[in-house]
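Below: the structure, in structure tokens.
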Amino acid sequence: MNPWLLFIIPFASAAIIQLGLKRSAMASSLLSTLSVVATFVIACTLLGSDQSDSWTWVKAGSFELNIGYNLDQLATGMMIVVTGIGMLVHIFSLGYMKTDSAKARYFGCLSMFMFSMTGIVLASNFAMMFIFWELVGLSSYLLIGHWYHKDTAADAAKKAFLSNRIGDFGFMIGILMLWRITGTVVFADMDGSALGNVCSCLAGAAILLTFCGAVGKSAQLPLHIWLPDAMEGPTPVSALIHAATMVAAGVYMMARLFLSLGVTPENVEILSYAPQVIAWTGGITSLVAALMATQQNDIKKILAYSTLSQLGYMVMAVGLIAPEAGMFHLYTHAWFKALLFLGSGAVIYACHHEQDIWKMGGLLKKMPVTAITFLVGTLALTAVPFTAGFYSKEEILYAAKGTPLFYLAAFVALLTTFYMLRLFIVAFLGKPREHGAKEAKEVAPIMSLPLILLAIMAFAAPHISQIFPVPTEWGFHFKILPDLNSSVFWTSIGVFVTGAVAAFVVYSGKDKDPINIPLFRNKFYLDEIYQKLITICQDAVAAIIHLLDEFLIGVLLVGGATRSAQGVGNIFRRFAQNGSLSNYAYLMALGSVLVIYFTVFA
């Protein structure tokens with residue numbers, strides 16, 4: 001099967017919908033869904049491939065830039081995640097968006113997003129990756145703002161777009177620095193030892209500036225603020241973009257970079273101080289997001305902060321020079337977090353678009369399939385043994401063992417269990433609290449089928465080793481049975497039991513939240529702080545511009561030139577045009593003498 005079809009099919013789908021099928025919602029949705037099914041089938045046939053191809057795009061002298069694909073275990077495994085979850089999201093959307101007035105535009109944007117993500121995953125060089133990186137930013141802007149008639153959705157789309165542009169600016173500079181240091185932007189040709197030929201500060205800066213792209217796309221501190229607001233888009237969009245694919249692109253990019261540079265724990269010194277900064281950025285993001293999640297009431301925002309926290313885990317693993325653990329968690333997390341988001345979409349749909357968990361309750365009896373699959377996703381996220389999340393989270397804890405980040409990661413695991421079981425107890429157990437929950441009923445099979453398949457993957461994913469996005473160069477060895485003699489295993493069990501007991505004790509039978517921590521509920525007031533800083537900066541810039549306009553331009557340049565012309569004119573007027581005949585005679589005589597002098601003697 002030709003790998004170029006992975007690019008062509010979603011692009012053709014997006015183009016056909018945009019140019020010819022915008023007025024046909026049914027045809028657009030079917031074409032988009034069939035295109036992603038086709039790309040998933042092709043991705044499955046390419047598993048185990050190790051090939052590449054490219055064609056020259058730009059050539060100027062000795063400089064040549066190619067567009068091409070690079071198929072290896074990292075790329076093929078990631079393509080299964082992108083196309084597999086993309087396919088299930090498309091199928092779920094057929095039911096969730098069936099009455100939407102802009103259904104054709106929605107599915108056209110989904111195809112465009114699939115094309116963009118395919119380009120990031122298969123890109124053979126940084127230049128090509130950056131192009132598709134920006135296309136993903138555009139696609140997410142369009143999907144988050146799908147319901148643009150709502151101010152909150154329009155603002156969320158702009159916030160996501162602008163936040164990512166900040167990170168992408170640093171990403172672009174980092175790419176240019178790596179090009180200058182290594183002499184290439186092609187992943188296969190990069191030589192990590194070249195970083196040792198420059199000063200450590202420069203090498204570290206190049207890695208960290210490249211990491212800025214991941215900070216924006218994977219929503220790490222301080223650019224995390226866009227991800228929770230992005231829940232304003234349709235829930236299937238949240239599952240596709242903000243749980244499984246787009247936000248994982250930053251982790252994938254850093255893993256691809258470390259693989260290209262040949263970074264291992266033995267030669268990590270070539271990256272200077274960068275790994276420690278990356279690891280602590282991920283760790284702190286994970287902790288802060290988990291604390292925020294404990295006090296959220298919107299079902300989608302709880303999952304959004306959970307995503308932030310889990311992304312922090314992945315980034316921390318990359319910073320600890322364990323990209324195999326980060327990519328393994330990316331792989332498992334994609335399935336069960338997509339399950340949770342689609343499950344929340346089913347709940348919202350059944351409860352007449354109610355999103356406050358304290359207005360739900362009793363949904364286990366009303367929606368048994370959704371409730372059970374949601375519980376499976378919750379167990380996987382909280383790392384219950386033998387679920388997908390258990391295996392991948394254990395790998396990250398092993399990578400952090402012996403460092404302060406281990407204790408931070410363990411505490412985050414406790415918080416994850418606490419806030420996820422809080423969500424399940426409040427929303428699915430007890431009695432219905434509002435009319436939406438009282439009238440809820442199980443969703444149609446076209447929406448419940450993807451939930452069942454994802455629930456299966458929440459258990460089976462770690463056992464399908466052929467699709468792990470983990471190259472053999474990293475020496476990753478998956479073990480089915482946990483090590484009962486390991487302190488990491490018992491720490492994991494201990495924090496789960498503690499978090500679960502705390503959640504049941506605090507929230508069982510409650511009709512309102514007994515805990516009130518405004519700092520966590522208001523997201524550490526970071527949005528307000530940013531808004532204040534932006535306002536102050538805007539006012540300062542406006543004051544500076546006003547000063548420059550009034551003083552430099554108005555007074556010195558324009559006013560100065562005017563006054564200079566007036567002054568020179570006044571001087572000549574006073575001495576040459578003052579109405580005195582004697583002065584005129586004197587000037588005439590002087591002029592005559594000068595004419596004679598220059599005529600005769602010069």
Check your understanding: Counting N and O atoms only, with roles assigned by atom type, does the side chain of Glu232 sit under 3.5 Å from a partner on the main chain of Thr152, one being a donor and the other an acceptor?
Key -> no
Check your understanding: So Tyr69 and Trp4, would you call those rings parallel, tilted or perpendicular, with 30° and 60° as cut-offs?
Key -> perpendicular
Exercise for review: Assess the side chains of His329 and Ser392: does a donor N or O sit below 3.5 Å from an acceptor N or O?
Suggested key: yes
Practice item. Evaluate whether atom OH of Tyr525 has more than 12 neighbouring non-hydrogen atoms of other residues, nucleotides or ligands under 6.0 angstrom away. Key: yes
Check your understanding: Between Ser309 (side chain) and Ser306 (backbone), is there a donor-acceptor pair under 3.5 Å?
Key -> no
Point to revise | Residues, nucleotides or ligands: over 12 heavy atoms within 6.0 Å of Lys98 NZ | key: no
**Study point:** Non-neighbouring partners of Asp100 that pass salt bridge (charged side-chain N to carboxylate O under 4.0 Å, His left out), sequence neighbours left out
**Key:** none
Point to revise | Check ion pair Arg165-Glu134 (N to O, under 4.0 angstrom) | key: yes
Revision key, fill the gap. Gln220 and Ala214 have their tightest heavy-atom pair at CG-O, 4.4 Å
Review point. Aromatic rings Tyr349 and His353: how do their planes relate, parallel, tilted or perpendicular, breaks at 30° and 60°?
Key: perpendicular
Practice item. May I ask you to decide if Phe374's main-chain N or O and Thr378's side chain share a donor-acceptor pair within less than 3.5 Å? Key: yes
Check your understanding: Going from CG on Leu94 to CE on Met26, what distance comes out if it is rounded to the nearest 0.5 angstrom?
Key -> 8.0 Å
**Study point:** Separation of Ser508 OG from Leu429 CG (nearest 0.5 Å)
**Key:** 7.5 Å
